[in-house]
*Asks:* 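Right, I'll just put the structure down here and ask away after.
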Amino acid sequence: MERGTIDLADVSGPFDLQSTLESGQTYLWDRADGTMYDRLGAHGGEQWYRTVVPPIDGVSEERIAVRVRQTGGVDDGTLEWEATAGATGVLTHLLRLDDDLDSMLATMPDLPVVERAVEAYPGMRLVRDPPFPCLISFICSAQMRVSRIHGMQRRLAATYGDAVDLAGETYHAFPRPDQLAAASEEELRDLSLGYRAPYVERTALMVAEGEAHPREAAALEYEPAREFLTRFVGVGDKVADCVCLFSLDHLEAVPLDTWIRSVIADRFPECDRGAYAETSRAIRDRFGGEYAGYVQTYVFHYLRSGGE
DNA sequence: TATCCAAGGTAAGTT
DNA sequence: AACTTACCTTGGATA
């Protein structure tokens with residue numbers, strides 16, 4: 001086992017681990033105390049969070065089990081980690097510590113709800129999930145509560161993923177495409193995926209057989225990337241936008257989910273253009289363009305956690 | 001205790 | 001292109 005620390009004074013702008021991981025962007029981490037997504041806004045403070053990271057091109061060539069916690073403040077605190085290999089690189093990648101958050105915040109629109117959301121969760125960042133697990137977890141998200149989406153991913157990992165030991169505990173990696181493609185629809189329904197089971201099965205098969213891989217969409221412009229991702233079964237515009245934003249660095253993507261649609265109806269009705277693509281463009285412009293997805297994530301978490 | 005409802009939507013069919 | 005409808009499951013609200 002290796003351990004290390006990341007000094008947040010060396011990171012551009014603030015960082016907050018808890019709001020970053022528990023704001024409904026990622027379903028691939030667990031809290032060590034088992035309360036991840038159990039209660040909205042349950043502040044345990046300085047908790048360990050853990051995950052297993054698959055090999056990532058240009059970042060790490062091996063699979064790494066890691067746990068991490070934050071001590072101290074969002075500007076001058078410390079990230080403390082333990083892992084099966086050096087983890088500073090993968091944590092910087094997954095938690096977007098390479099973003100210059102202050103500069104991004106400076107470009108965000110001068111709107112009351114945005115300002116309050118940013119003040120409520122200082123240091124919250126977007127995540128950069130691995131593409132395949134991100135794709136599958138958001139296929140599972142259709143018409144589902146956040147805590148249950150997380151439960152599905154836990155069961156998928158426990159059932160089909162490799163076991164990895166770290167510091168006397170067993171972690172379960174998210175299943176690779178070939179592992180998930182070997183699952184039957186019936187087995188997936190037994191994990192209570194419901195009607196999403198055939199979507200997951202068929203999409204895993206598409207990736208396992210090399211028909212397409214979600215990471216290919218990272219090389220495309222944003223809107224073509226969204227269109228590309230909808231070729232996967234169970235992926236419409238909304239899920240495609242989530243993968244664009246939470247995995248593929250298309251930070252202008254604004255997923256039009258039920259929460260953001262209600263924000264549009266209540267506060268920006270002129271942005272409702274009917275069709276997804278046009279409404280998406282309108283709210284993206286209203287949210288400042290280049291980093292509109294950051295704005296969306298602040299507003300989403302702020303409203304969902306009871307603000308206003 | 002029983003019943004109802006909605007949850008980070010998508011696919012397939014109809015007009 | 002816009003509009004309907006079916007779809008699994010279950011925690012939480014309501015009666």
Side-chain angles (χ1 to χ4, degrees), chain A residues 19-29 35-42 117 124 126-127 129 133-156 159 183-206 214 226-247 250 253-266 272-281 283-284 287 292-307:
Chain A
S19 57
T20 297
L21 293 184
E22 299 204 50
S23 47
Q25 310 176 53
T26 176
Y27 301 100
L28 306 177
W29 290 76
T35 63
M36 187 90 167
Y37 288 131
D38 274 5
R39 294 162 295 155
L40 192 58
M124 188 175 83
L126 287 171
V127 296
D129 274 347
C134 183
L135 179 67
I136 297 297
S137 58
F138 278 95
I139 287 173
C140 291
S141 75
Q143 292 290 101
M144 199 47 62
R145 282 175 227 283
V146 164
S147 62
R148 291 200 54 213
I149 301 165
H150 185 248
M152 290 181 192
Q153 309 320 305
R154 268 204 331 258
R155 290 192 291 279
L156 286 175
T159 307
S184 68
E185 177 183 331
E186 187 180 1
E187 289 174 326
L188 294 174
R189 283 180 182 270
D190 287 343
L191 298 181
S192 66
L193 295 206
Y195 62 80
R196 305 154 197 81
Y199 299 166
V200 168
E201 183 200 17
R202 292 173 60 193
T203 288
L205 199 59
M206 289 173 71
R226 185 179 68 198
E227 173 64 22
F228 174 91
L229 291 168
T230 61
R231 75 184 52 202
F232 295 104
V233 184
V235 179
D237 287 326
K238 188 272 173 184
V239 168
D241 263 338
C242 288
V243 177
C244 281
L245 182 60
F246 302 134
S247 179
H250 293 298
V254 179
L256 299 184
D257 57 60
T258 54
W259 291 85
I260 292 300
R261 284 184 184 279
S262 96
V263 169
I264 291 171
D266 293 346
D272 184 356
R273 308 292 167 82
Y276 189 101
E278 280 67 43
T279 301
S280 174
R281 257 179 227 142
I283 195 66
R284 193 186 327 146
F287 279 178
Y294 247 107
V295 176
Q296 181 270 357
T297 298
Y298 273 105
V299 171
F300 174 85
H301 185 49
Y302 178 59
L303 295 181
R304 207 180 71 84
S305 61

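Quantities reported herein were computed from a predicted structural model and do not represent experimental measurements. Order of the sequence lines sets the chain letters (A, B, ...), proteins ahead of strands, with each chain counted from 1.
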*Asks:* Whole angstrom is fine here: how far is it from CG in A:L135 over to P in B:dG9?
*Replies:*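 Those two atoms, CG and P, are 16 Å apart.
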
*Asks:* Is there side-chain contact between A:C140 and A:L193, with heavy atoms separated by less than 4.5 Å?
*Replies:*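 Yes, close enough: below the 4.5 Å cut-off.
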
*Asks:* Tell me the interatomic distance from A:W259, atom CH2, to B:dA6, atom P, rounded to whole angstroms.
*Replies:*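 Rounded to the whole Å, the gap is 14 Å.
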
*Asks:* Over all strands shown, is A:Y27 touching base, sugar-phosphate only, or nothing at heavy-atom distances under 4.0 angstrom?
*Replies:*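 Base, at least one base heavy atom under 4.0 Å.
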
*Asks:* How close or far is atom P of B:dA7 from atom CZ of A:R261, stated in whole angstroms?
*Replies:*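 My rounded result for the distance is 13 Å.
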
*Asks:* Sequence neighbours excluded, which residues qualify as side chain to side chain contact (heavy atoms under 4.5 Å, CB included) partners of A:S184?
*Replies:*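 Testing A:S184 for side chain to side chain contact (heavy atoms under 4.5 Å, CB included), a comparison that skips the adjacent residues, returns A:E186, A:E187.
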
*Asks:* Only counting residues at least two apart or in another chain, list the ones meeting side-chain hydrogen bond (donor to acceptor under 3.5 Å, both in side chains) with A:S23.
*Replies:*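 Testing A:S23 for side-chain hydrogen bond (donor to acceptor under 3.5 Å, both in side chains), a comparison that skips the adjacent residues, returns A:Q25.
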
*Asks:* Test: side chain to side chain donor-acceptor pair (under 3.5 Å). Region: residues 190-203 of chain A. Which pairs qualify, not counting sequence neighbours?
*Replies:*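 For residues 190-203 of chain A: A:R155-A:S192.
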
*Asks:* Tell me, please, which residues at least two apart from A:Y294 pass ring pair (Phe, Tyr, Trp, His ring centres under 6.0 Å).
*Replies:*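 Testing A:Y294 for ring pair (Phe, Tyr, Trp, His ring centres under 6.0 Å), a comparison that skips the adjacent residues, returns none.
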
*Asks:* Using a 3.5 Å limit on both distances, find every run of at least three consecutive Watson-Crick or G-U pairs that involves DNA chain C.
*Replies:*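 Runs of three or more consecutive pairs: B:1-7 with C:9-15, B:9-15 with C:1-7.
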
*Asks:* Could you give the CD1-to-C1' distance, from A:I260 to B:dA7, as a whole number of Å?
*Replies:*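 A:I260 atom CD1 is separated from B:dA7 atom C1' by 16 Å.
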
*Asks:* Would you please name every residue forming a side-chain hydrogen bond (donor to acceptor under 3.5 Å, both in side chains) with A:E185, sequence neighbours left out?
*Replies:*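 Partners of A:E185 under the side-chain hydrogen bond (donor to acceptor under 3.5 Å, both in side chains) test: A:R189.
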
*Asks:* To the nearest angstrom, how far is A:E278 atom CD from C:dA1 atom C1'?
*Replies:*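 In whole Å, C:dA1 C1' lies 11 Å from A:E278 CD.
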
*Asks:* Taking the nucleotide of DNA chain B with the closest heavy atom to each, which residue, A:R202 or A:P255, is nearer the 5' end?
*Replies:*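 Nearest-nucleotide comparison on DNA chain B picks A:P255.
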
*Asks:* Sugar-phosphate atoms are those with a prime plus P, OP1 and OP2; base atoms are the rest. Using that split, label each nucleotide of nucleotides 4-10 of chain C B, S or - for protein heavy atoms under 4.0 Å, 5' to 3'.
*Replies:* ---BBBS

*Asks:* Going by the rule side-chain hydrogen bond (donor to acceptor under 3.5 Å, both in side chains), which residues pair with A:T26 if we only count those two or more places apart in sequence or in a different chain?
*Replies:*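 A:T26: side-chain hydrogen bond (donor to acceptor under 3.5 Å, both in side chains) contacts with A:D129.
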
*Asks:* List for me each residue that meets side-chain hydrogen bond (donor to acceptor under 3.5 Å, both in side chains) alongside A:R226, sequence neighbours excluded, and say none if there are none.
*Replies:*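 For A:R226 the side-chain hydrogen bond (donor to acceptor under 3.5 Å, both in side chains) partners, ignoring immediate neighbours, are A:Y222, A:S280.
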
*Asks:* Expressed in angstrom and rounded to an integer, what is the separation of A:D257 atom CG from B:dT10 atom P?
*Replies:*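 So the CG-P distance, A:D257 to B:dT10, works out to 10 Å.
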
*Asks:* Please report the distance separating the P of B:dC5 from the corresponding atom of C:dA6, rounded so that it comes out in whole Å.
*Replies:*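 Nearest-Å result for B:dC5 against C:dA6 at atom P: 15 Å.
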
*Asks:* Rounded off to whole Å, could you give me the CG-to-C1' distance for the A:D38 and C:dG12 pair?
*Replies:*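 Those two atoms, CG and C1', are 15 Å apart.
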
*Asks:* Is there a donor-acceptor pair under 3.5 Å between the side chain of A:Y27 and the backbone N or O of A:G151?
*Replies:*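 Absent.
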
